[in-house]
Amino acid sequence: MSAATVYVPRDASALSIGAGEVATAIAKESSARGIELKLVRNGSRGAFWLEPLVEVVVQTQRIAYGPVTVADVPSLFAADFLNGGAHPLCLGPTDAIPWFATQQRLTFARVGIVDPASVADYVAHGGYQGLRRALSMAPEAIVQGVLDSGLRGRGGAAFPTGIKWKTVLEQKTQQKYITCNADEGDSGTFSDRMLMEGDPLCLVEGMTIAGLAVGATQGYIYLRAEYPHAYRALNTAIAAAYQARYLGSDVLGSGKRFDLEVRLGAGAYVCGEETSMLESLEGKRGEVRVRPPLPAIKGLFGQPTIVNNVMTFASVPIILHQGAEFYKNFGMGRSRGTLPLQLAGNIKRGGLVERAFGVSLRELLYDYGGGSATGRPIRAVQVGGPLGAYIPASQFDVLIDYEALTNIGALLGHGGIVVFDDTVDMARMARYAMEFCAVESCGKCTPCRIGSTRGVEVIDRIVGGVESERNLQLLESLCETMLQGSLCGLGGMTPFPVQSAIKYFREDFRARTPPLKQAG
Amino acid sequence: MPPNESDTVRRLVEDMKDRPGPLIEILHSVQAALGYVPPDAVPILAEALNLSRAEVHGVVTFYHFFRDTPPGRHTVSLCRAEACQSMGADELAEHAKGRLGVDFHETTKDGTFSLEPVFCLGNCACSPAAMIDGRLYGRLTPDRFDALITERQSKTSGPKQ
Ligand SMILES: Cc1cc2nc3c(=O)[nH]c(=O)nc-3n(C[C@H](O)[C@H](O)[C@H](O)COP(=O)(O)O)c2cc1C
Ligand code: SF4
Ligand code: FES
């Protein structure tokens, strides 16, 4: 009999709750028992409530066990888990677990399935089919395919990707750049991280296709410094892709060049804003640039540049492979395709859920999420990162769709959903939003730099009982000033969480003892 | 800055200065090698890269990640962002400050621990989260935090992930 194959994730979140120790224990136990096995360190399937999730291949099926602790390992061997043996932690075939079975995984099709370091495994699971198609197409046709798919940028602004690519294609310069925004600064989001750790070649392929589409030979991935695991996974994958000639001077023997390099950020939230990111890639302070010119016309080092989010690039291979029609058939309204949503914070079954646009927030929170982790009622959720509005329970029927969320004064952003139970103090969350803006402001606009600091003080006065009503009015007009007078979304959108907190949770904005303290 | 440190800085600049937009890359290598970016490194970098000292200083201070003082033997970064707050990050932060006897951005007197705030570690489905010397932890409780600290007090370095 050939050696059994066991999967134990190397995803950073899975490691954070013991997957590394479990992998070591399995290796030890097997050698102690004289059993040969092949241990694959995959990405996470995204069900963090089941991590560390161990899978074994039985015939052609993967059988899941989880959540596994080091202490469970001897009993798993005793139960013959390598052959799918019965055990209290056995969850049956992974794909049949309802939490996975009802998802629509296009972008995340391979995450948690493949060995992220292996080009061969990537190709065996449909990888590089999109690139092969692209190599047989004219650049205009590739761009048209992306345009026809209806794909909109997944980094937050939801701008049509095909239009951006078309602009870059039309520029007649020698040097153009493909840059990937992997800054993933929004709290409550981790889809970029999971993909970069679990299926990095998908991002590499998407960026390579972008290079072919617009005639760029150099790509940069701007990765936040808080992601050391993704840094290693990307560099390993890029080296493997060079080795197999999917990157370099002669991509798949086509005579076309594409080089790719990872650059690290340095802990500045504003560097996720695309022009700030370009400044940072040039080695400068991450100050936001005034537009025009657009990065598509004058971007990195003054050259035409595509800036797209990780999820945007990672959606491109399947669009090229399966066709624009296929992708477009998922979704609703002007939101086409699927979105990897991230259930975070105070949620019982947190993790990554990829569904076509049109799923309701309620279904995500309760059917997938199982309600709050604490078992208390969910009082508020923040969708779309630190600049996203707080949504009250009365609006949980909203559908995941860019326009539907805009219509209720919220935003979808990068698809992070942070859950709070009824113990949350919304004045404190509003204060935090202002404090975060003050810490992270690039300093260019006064309303952002000064307004946010004032905002913190005003909220302190409200809850400190100093002319609460008058200061509440002051807070609202401060929000207006920031909305109107900020160059970028940091100052311009920080009012969203604050205003929504006041609008839906006004009862929290009152004098109390003791007054609020700084969070840290 | 001791002479061996300035030699390191000079060597790193020399190796990397011809790359496109190299300053942040160089700062990362300096900090990786020395644990911090010594203020005395600024004029060396400025001269080698043909920038003003003010420009280099401006970049170093813009980014939260770069520090101008040596860190403790272990750097503990606690996530302060929303998802972690929803699971008790504020209480954990208070506990951590008490346990270590320092505030954020400070290092313990014996030089063992530096405590830093961080805004999201991408571990928001396993909140509250922290990173210690590049190793990620999730679902932290005060007890678990204490255990991680004690582990590192008895050894010089933590386990590899
Ligand atoms: C303050 C701020 C932070 C941002 N952070 C990110 C980020 O971390 N990742 C990202 O992809 N986009 C971020 N964006 C959006 C980018 O500016 C830009 O719209 C995006 O990278 C374009 O790629 P896409 O079209 O594929 O979404 C941010 C915007 C603002 C205003
Ligand atoms: S809004 Fe704030 S972060 Fe954005 S450009 Fe202005 S000062 Fe900089
Ligand atoms: S909010 Fe703490 S890890 Fe993301």
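Note: hydrogens, waters and symmetry copies are ignored here, and every other heavy atom, side chains too, is used.
In this structure, the portions of A:P386 lying under 4.5 Å from any heavy atom of chain B include both its backbone and its side chain. In this structure, the portions of A:R263 lying under 4.5 Å from any heavy atom of chain B include both its backbone and its side chain. Looking at B:C84, there are no atoms closer than 4.5 Å to chain A (heavy atoms on both sides), in backbone or side chain. Looking at A:Q342, there are no atoms closer than 4.5 Å to chain B (heavy atoms on both sides), in backbone or side chain. Using a 4.5 Å cut-off between heavy atoms, A:S191 makes no contact with chain B at all. For A:C271, the part lying near chain B is the side chain, with the backbone staying farther off; criterion is any non-hydrogen pair under 4.5 Å. Heavy atoms closer than 4.5 Å to chain B are found nowhere in A:E197, neither backbone nor side chain. Looking at A:D11, there are no atoms closer than 4.5 Å to chain B (heavy atoms on both sides), in backbone or side chain. Looking at A:L264, both its backbone and its side chain come within 4.5 Å of chain B, counting heavy atoms on both sides. Looking at B:V118, the atoms closer than 4.5 Å to chain A (heavy atoms on both sides) all sit in the side chain, from C-beta outward. Residue B:T61 touches chain A through its side chain alone, counting heavy-atom pairs closer than 4.5 Å. Residue A:R224 touches chain B through its side chain alone, counting heavy-atom pairs closer than 4.5 Å. Proximity to chain B is limited to the side chain of A:Y390, based on heavy atoms less than 4.5 angstrom apart. Contact of A:M194 with chain B is not made at all, since no heavy-atom distance falls under 4.5 Å. Contacts of A:V439 with chain B are made by both backbone and side-chain atoms, with heavy-atom separations under 4.5 Å.
Atom-to-atom distance recorded for A:I17:CD1 and B:L136:CG is 10.0 Å, nearest 0.5 angstrom. Going from atom CD1 of A:I417 over to atom SG of B:C124 covers 12.5 Å, rounded to the nearest 0.5 Å. Here the straight-line distance linking atom OH of A:Y227 with atom CG of B:L121 works out to 8.5 Å at 0.5 Å rounding. Considering OG of B:S86 and CD of A:Q382, their distance stands at 10.5 Å, rounded to 0.5 Å. In this structure, OG on A:S187 lies 8.5 Å from CD on B:Q85, to the nearest 0.5 angstrom. If you take CD on A:E279 and CZ on B:F62, they are separated by 9.5 Å, rounding to the nearest 0.5 Å.
No other option in B:C79, B:A81, B:G88, B:A130 has as many heavy-atom pairs under 4.5 Å with chain A as B:A81. Between chain B and the residues A:G185, A:G20, A:S280, the most heavy-atom pairs under 4.5 angstrom are made by A:S280. The most heavy-atom pairs under 4.5 Å with chain A, out of B:S127, B:A129, B:A125, B:P117, come from B:A125. Counting heavy-atom pairs closer than 4.5 Å to chain A, the top residue among B:E55, B:M87, B:M131, B:E91 is B:M87.
Taking the six-membered ring for Trp and the full ring otherwise, A:Y269 and B:F119 have centroids separated by 6.0 Å or more.
Contacts between residues 19-47 of chain B and chain A, defined by a heavy-atom separation under 4.5 Å, are made by B:R19, B:P20, B:G21, B:L23, B:I24, B:E25, B:H28.
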